[in-house]
Colleague: 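Below: one structure in structure tokens.
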Amino acid sequence: MKTSNPPENPIGVFDSGVGGLSVLREIRHELPGEDLLYVADSAHAPYGDKPRQMIESRSIAIVEFLLSQHAKAIVVACNTATGAAVETLRARFSVPIVAMEPAVKPAAKGTKSGVIGVLATGGTLGSDNFVKLHERFGAEVNILVQACPGLVEQVEAGDLSSDKTRALIKKYLEPLLAQQADTIVLGCTHYPFLAPFIQEIAGPSVVIIDPAAAVARELRRRLANAGLLSVESRAGTERFWTSAKPDKAQPVISQLWKVDIKVSSLPNLV
Ligand code: DGL
């Protein structure tokens with residue numbers, strides 16, 4: 001798809017649902033003057049247990065939508081969609097595309113016990129990208145992986161702190177802690193919203209790593225290199241779309257974004 005890219009155009013960000021808002025908030029912090037578009041594909045969440053093909057075609061359709069809204073760059077704010085589709089997206093679209101990677105590298109550098117835990121979806125842990133990451137750092141440190149079915153759904157429901165959510169976190173975390181993991185990588189963009197409870201259960205000596213701030217810095221670098229950083233001096237704006245029912249999504253997105261915002265219905269894409 002051909003696009004022209006004036007620097008005042010917005011940045012398009014998407015996720016299977018509301019998890020990518022944890023990346024969006026870091027982008028807002030890093031790039032206060034940029035206009036941001038966010039698509040939550042919540043009608044199809046979780047991506048983590050869906051076939052790769054389906055995630056790939058949703059990702060293509062969402063990027064096409066964001067480009068139709070004049071996005072000058074794309075952030076795949078979803079580890080699962082990155083694993084399933086980032087190569088295809090980069091081959092197909094000419095705008096800069098920034099994506100997620102579970103933060104195994106900094107975790108491997110920082111661990112003292114030599115054991116790190118990675119919390120992610122089954123889709124991410126089974127992806128070629130993750131297998132390569134595991135091969136690269138698995139010789140240096142013991143990498144324990146843990147899929148977390150059910151956690152994405154809790155965040156999608158805006159249920160960050162109920163007994164059910166805490167019980168799920170405990171169930172997934174305790175085996176990693178029992179094996180001396182001293183560093184926990186949040187390999188799914190939904191999980192940073194649960195970070196306070198993950199930290200509480202893990203204890204203060206365990207380091208929790210969320211790569212979102214690093215992704216926002218990478219986005220800034222990519223925009224700068226492409227001459228696409230906005231020169232506007234006003235505060236940037238945000239627009240939100242969901243593939244779920246907007247009146248259901250609006251309260252959860254507002255809760256996580258900490259501002260009462262408007263959410264539009266994503267048009268049928270495929
Ligand atoms: N937020 C997601 C990720 O980073 C997607 C989780 C899902 O939909 O299963 O992997």
Side-chain angles (χ1 to χ4, degrees), residues 12-27 38-63 74-87 89 97-104 107 117-131 133-134 145-160 165 168-169 172 184-195 198 208-216 218-219 240-244 248-249 252-253 255-257 266:
V13 181
F14 78 95
D15 178 46
S16 64
V18 296
L21 294 168
S22 67
V23 182
L24 198 75
R25 71 184 171 190
E26 295 300 334
I27 296 173
Y38 184 87
V39 171
D41 196 15
S42 295
H44 301 92
Y47 278 2
D49 58 5
K50 302 283 186 320
R52 200 190 67 80
Q53 227 69 43
M54 178 254 162
I55 301 168
E56 190 181 72
S57 59
R58 289 301 300 167
S59 300
I60 292 169
I62 292 167
V63 171
I74 298 292
V75 178
V76 185
C78 176
N79 292 267
T80 313
T82 298
V86 73
E87 276 86 19
L89 297 177
I97 296 181
V98 175
M100 305 303 298
E101 177 176 279
V104 171
V118 181
L119 304 178
T121 68
T124 295
L125 297 174
S127 69
D128 290 349
N129 289 356
F130 188 78
V131 170
L133 208 54
H134 198 294
V145 298
Q146 179 67 62
C148 307
L151 270 194
V152 165
E153 288 87 334
Q154 295 304 103
V155 178
E156 284 295 307
D159 179 355
L160 307 183
T165 305
L168 278 173
I169 297 172
Y172 296 135
I184 299 294
V185 173
L186 304 183
C188 168
T189 56
H190 282 72
Y191 303 163
F193 290 112
L194 304 171
I198 295 174
I208 313 282
I209 305 188
D210 169 11
V215 168
E218 170 66 8
L219 173 64
F240 300 89
W241 287 266
T242 180
S243 57
K248 276 192 92 180
V252 178
I253 296 182
Q255 174 195 349
L256 300 179
W257 191 244
L266 188 69

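Atoms within each ligand, like the ligands themselves, are counted from 1 in listed order. Start at 1 with the first residue, then count along the sequence. Excluded from the calculations below are hydrogen atoms, water molecules and symmetry mates; all remaining heavy atoms, backbone and side chain alike, are included.
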Colleague: Strictly by modelled atom types, are Thr121 and Thr80 linked by a side-chain donor-acceptor pair under 3.5 Å?
Modeller: yes
Colleague: Taking side-chain contact (heavy atoms from CB on, under 4.5 Å) as the definition, give me every residue that meets it alongside Ala99, ordered by chain and number, with sequence neighbours left out.
Modeller: Val76, Thr82, Val86, Arg90
Colleague: Please determine if Arg25 forms a cation-pi arrangement with Phe193, meaning its NZ or CZ atom is less than 6.0 Å from the six-membered ring centre and no more than 45° off the ring axis.
Modeller: yes
Colleague: Among all residues two or more places apart in sequence or in another chain, which pass the side-chain contact (heavy atoms from CB on, under 4.5 Å) test with Ala45?
Modeller: Ser16, Glu156
Colleague: Is there side-chain contact between Ile74 and Phe14, with heavy atoms separated by less than 4.5 Å?
Modeller: yes
Colleague: Under the rule for side chain to side chain donor-acceptor pair (under 3.5 Å), what residues qualify as partners of Ser127, not counting sequence neighbours?
Modeller: none
Colleague: Using heavy atoms and a cut-off under 4.0 Å, could you grab the residues that are in contact with ligand 1, chain by chain, numbers ascending?
Modeller: Asp15, Ser16, Pro46, Tyr47, Gly48, Cys78, Asn79, Thr80, Thr121, Val152, Cys188, Thr189, His190
